Amino acid sequence: MPELELPKDDFVRDIIRDDLSKGSHQAVITRFPPEPNGYLHIGHAKSICLNFGVAKEFGGHCHLRFDDTNPAKEEQEFIDSIKEDVSWLGFDWGENLFHASDYFEQLYSWAESLINKGLAYVCDLSAEEMREYRGTLTEPGRDSPYRNRSVEENLSLFREMRAGGFPEGSKTLRAKIDMASGNMNLRDPALYRIKHAAHPRTGSTWKIYPTYDYAHGQSDAIEGITHSLCTLEFADHRPLYDWLIEHLTVPARPRQYEFARLNLTHTVLSKRVLMRLVSEGHVTGWDDPRMPTIRGMRRRGVPPEALKDFIGRLAISKSDSTIEMQMLDHSIREHLNEHAERRMAVLKPLKLTIRNWPKGQTEMLEVPNHPGRPELGTRKIPFSGSLWIEADDFMEDPPRKFFRLGPGREVRLRFAYLVTCEDFIKNETGEVTEIICTYDPATAGGNAPDGRKVKGIIHWVSAVHAIEAEVLLTSQLFKSENPSAGGDPIEDIDANSLEVVKEVKLEPELASALAGYPVQFERLGYFNRDPAQSQLAFIRTIGLRDSWAKTQTKG
RNA sequence: UGGGGCGUGGCCAAGUGGUUAAGGCAUCGGGUUUUGAUCCCGUGAUCCCUGGUUCGAAUCCAGGCGCCCCAGCCA
């Protein structure tokens, strides 16, 4: 069934539609501008989908541009991983791969032009002094004592800065705007700072680097970006963005528009905190399945289509909002329900022996790979008189509403036969170790010829044929909806969010499972072959909805 | 009287003066079902508050209240 995509409509697309109809632009050019100082997470995915999505919808292009203006924090490793993640999401920047560092020379000469116009000056204030001079949110700042240097002096100082004649932090190039502005960004913002660190792309060529504010808008202009979409916290920077575009002889006039960033319950999307989770060892790495990173979700088995579907349901607006994690869960389940093939696996094995099954006999059952999609074919699974069933599917003294096995109760072994529990065996500690049943030979395939009703259906794996693997069961990394509410989110980490289950029993077919193609373990959830382990292992992508668990907790 | 942004059901969110105030997620009922899954039905708001304009306001005006962002030579 082809997925029906509703036309997207939001304030950004309204603006674009309007610009296009007025003829302000021939085509739409957007950009996704990550700083290569970390891995992409689901919040970035929103921006990626917006920028690439909008470009595609209106027949334009989206550039992938690395905002690599701070060599102290950026690494090639991140450049590579970001490209990989964007591609995995299914977006293609084609020829349009850029770096702000490609424009360093041009940006530099524009900076000199600003100096020549008397709109920028070299300032000797230290970082601390600059902060003092900046004033506060409610009090105006004071002019730097270096604010009125001559053009000639500024020029020679700035050239000396470029030549590496000054130590890091000793000087900056600042725009001369308004130290009394209510907008802090206009209080003579720094345009260039001295950094002697090696840049992943330009090496040691440069001793000075442009700030975000100076580089971003100009890079947009150079690339002919028509709509520069960023998050709300940059709205205050827009007057500066516009000021620079106005005072520089740039080739185009890009406009910046801001939308609300994505927030999700039960997780945190701050680069700083994500970094701590990894560096302090609270998770196993950037690809830990509990991480909201693109690689974490990929390893977990979240299909890119599900992620994009989720983001497509989000609105592009300007109001701060926090989306419930269940929304994402829904998109994942919806996609996987349709696409994942079904398999059988037993997580907490309990032996079930069929007393009247012919000794040593194995029957191969042909079963569908998907209940609703016959085109996905069938597979054969072995059935025998000695099975593993889920320990949770048996109760010694079950309540009325428990539809599974209990003394004297009859259930359907999925796709196989109806069995009745005749007896059970306990060990010294009182733990049930084996269930003894008889099967009804007339119920092959699970059909009762007499039409008798069997409410319970349980899954199973033939004991002699089962293969084993390790399974990773994860739950939310954080206990509360808003992990930062109580202060340090690290305090809110759920120590039990990662459970490793060994020697899980699987139907033989699962030996050939491929990472990236999650399957449904019937009645349990969706599982992805763990790409990070060489031996057979699975990660639970997400569980099935479980109304039985709900009625249980309700008592 | 620092600047900027936002306020529609539990969570998102359409709506741009006349609609029974869309839709999705969640919840709770019910039906179907060889996954207690899926699927299918059904279920809730007078729109932050107070005044005003108008025949008529979530939509316009005025005044409040609340929340978020900004004082990096980070982005």
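Letters A, B, ... are given to chains in the order of the sequence lines, protein chains preceding strands, and every chain is numbered from 1. The figures that follow rest on heavy atoms only: side chains count, while hydrogens, waters and symmetry mates do not. Quick caveat, the model's predicted, so the values are computed rather than measured.
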Hey, is the side chain of [X] poking within less than 4.0 Å of OP1 or OP2 on [N], counting only N and O atoms?
X         : N      : answer
Thr211(A) : C74(B) : no
Thr136(A) : G2(B)  : no
His459(A) : U35(B) : no
Arg187(A) : A71(B) : no
Arg193(A) : A75(B) : yes

Classify the nucleic acid contact of [X] as base, sugar-phosphate or nothing, counting any heavy atom under 4.0 Å across all strands shown.
X         : answer
Ser317(A) : sugar-phosphate
Arg131(A) : sugar-phosphate
Ser181(A) : nothing
Pro33(A)  : nothing
Asp236(A) : base
Phe402(A) : base
Gly169(A) : base
Thr172(A) : base
Ala127(A) : base
Ile457(A) : sugar-phosphate
Tyr209(A) : nothing
Arg404(A) : base
Glu522(A) : base
Thr138(A) : base

How far does the [atom1] atom of [N] sit from the matching atom of [M], given to the nearest Å?
N      : M      : atom1 : result
U19(B) : U46(B) : C1'   : 13 Å
C48(B) : C68(B) : C1'   : 16 Å
C65(B) : G56(B) : C1'   : 27 Å
C47(B) : U32(B) : C1'   : 38 Å

**Prompt:** Can a donor-acceptor pair under 3.5 Å be found between the side-chain atoms of Glu324(A) and the base atoms of G10(B)?
**Reply:** yes
**Message:** Suppose we call a contact any N or O donor and acceptor under 3.5 Å apart; does that hold for the side chain of Asp546(A) and the base of G36(B)?
**Reply:** no
**Message:** If you assign each of Tyr212(A) and Lys455(A) to its closest nucleotide in RNA chain B, which residue comes earlier from the 5' end?
**Reply:** Lys455(A)
**Prompt:** Closest nucleotide of RNA chain B for Ile316(A) versus for Asn185(A): which of these residues is on the 5' side?
**Reply:** Ile316(A)
So, for [X] and [Y], is the gap between ring centers shorter than 6.0 Å?
X         : Y         : value
Tyr214(A) : Trp110(A) : no
Phe66(A)  : Phe32(A)  : no
Phe78(A)  : Tyr39(A)  : yes

**Among A75(B), U27(B), U35(B), the one nearest Arg414(A) by side-chain distance** = U35(B)
**Asked** Atom CG in Leu473(A), atom CZ in Phe538(A): separation rounded to 0.5 Å?
**Response** 13.0 Å
**Item:** Verify stack between Trp548(A) ring and G36(B) base, 5.5 Å, 30 degrees
**Value:** yes
**salt_bridge(Arg255(A), Asp19(A)) N-O dist < 4.0 Å** = no
**Prompt:** So, is G17(B) syn or anti if syn means the angle is within 90° of 0?
**Reply:** anti
